[in-house]
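Below: the structure, in structure tokens.
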Amino acid sequence: MIRLRFNYREVNPGAFQAMLKFDQFANSVDIDPILRELIKIRVSQLNGCAFCIDSHTRDARKIGESEQRIYLLNAWRETTLFSAQEKAALHLAEAMTRISEHGLTDEVYEQARAHYNEKQIIDLIMIINVINSWNRIGVSMQLDPGQNK
């Protein structure tokens, strides 16, 4: 059975509050809310954060995302259910999450640039960074989706 290692929120409330502020900023940017949730789900899938996958699939459903697109998110390249703009953002999210493997290639950047202006690219980078940070907390602390209800 997986159990929370310790209550990180109580042990260091300042760190938790800093993450909440980062999260609030990322949620306030001018990127479609459904795309924000898709990015959060996909990055969480890559990082193996069950808590965040559970949380963000719930959030995506609440704002109108379809079950089919959620189920097919891990195969977004293989379906026409995602727009070219969404695919560019998902590609950027995957590349940044795996940045130690290949960096952020010009191909990935140019694909994003074809669909987003510079401010939107920074907005996407912030969304991707904050969910990667939450995933690392979730996996490190062994957060369980059963605690997410």
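Just so you know, residue 1 is the first one in the sequence shown, and it goes up from there. Atom set for the values below is all heavy atoms of this structure, side chains included, hydrogens, waters and symmetry mates excluded.
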Looking at side-chain heavy atoms only, is the closest gap between L73 and L90 below 4.5 Å?
yes

Expected output: side-chain Y116 to main-chain Q85 donor-acceptor under 3.5 Å:
yes

Can you name the closest pair of heavy atoms from L92 and V108 and give their distance?
CA-CG1, 3.8 Å

Inter-residue atom distance R77.CZ - L72.CG, 0.5 Å rounding:
14.0 Å

Rounded to the nearest 0.5 angstrom, the CD1-CG distance for I41 and L46 is 12.0 Å

In Å, rounded to the nearest 0.5 Å, how long is the span from OG1 of T97 to CD1 of I39?
9.5 Å

Measuring from atom CZ of R98 to atom NE2 of H102, what distance do you get when rounded to the nearest 0.5 angstrom?
8.5 Å

If I take atom SG from residue C49 and atom CD1 from residue I137, how far apart are they, to the nearest 0.5 angstrom?
9.5 Å

Check the hydrophobic clustering (I, L, V, M, F, W, Y; side-chain heavy atoms under 4.5 Å; chains of links allowed) and say if Y71 and I63 are grouped together.
no

Where is the tightest heavy-atom contact between I34 and G64, given as atom of each residue plus distance?
CD1-C, 4.3 Å

Stepwise, does the side-chain contact (heavy atoms from CB on, under 4.5 Å) test hold for M96 with N129?
CA-CA 8 Å; M96 286 185 57; N129 274 303; 3.7 Å; yes

Residue pair F51 / D144: nearest heavy atoms and the distance that separates them
CD1-O, 3.3 Å

Atom pair CD/CD1 of E94 and I99 - distance to nearest 0.5 Å
13.5 Å

Between K87 and F82, which heavy-atom pair has the shortest distance, and what is it?
CE-O, 3.5 Å

Please find the pair of heavy atoms, one from A93 and one from V43, that lie closest to each other, and give the distance.
CB-CG2, 3.8 Å

Take the angle between the ring planes of H91 and W76 and call it parallel below 30°, perpendicular above 60°, tilted in between.
tilted

H56 side chain reached by L38 side chain, heavy atoms, under 4.5 Å:
no

With a 4.0 Å cut-off, would you call R36 and D32 a salt bridge?
no

Close side-chain approach of T105 and Y109, heavy atoms under 4.5 Å
no

Basic-acidic side-chain contact under 4.0 Å: R61, E65
no

Where do I127 and A26 come nearest, in terms of heavy atoms and distance?
CG1-O, 3.6 Å

So does E37 pair up with K40, basic N to acidic O under 4.0 Å?
yes

Does a side-chain N-to-carboxylate-O contact under 4.0 Å join R42 and E86?
no

So for atom CG, which belongs to D30, do other residues, nucleotides or ligands contribute more than 12 heavy atoms lying within a distance under 6.0 Å?
no

Above 12 or not: heavy atoms from other molecules or residues under 6.0 Å from CD of E67?
yes

Exam field: side chain T57 to backbone I53, donor-acceptor pair closer than 3.5 Å
yes

Please answer whether the main-chain N or O of D23 pairs with a side-chain N or O of N27 as donor and acceptor at a distance below 3.5 Å.
yes

Between F25 and V130, is any pair of side-chain heavy atoms under 4.5 Å apart?
no

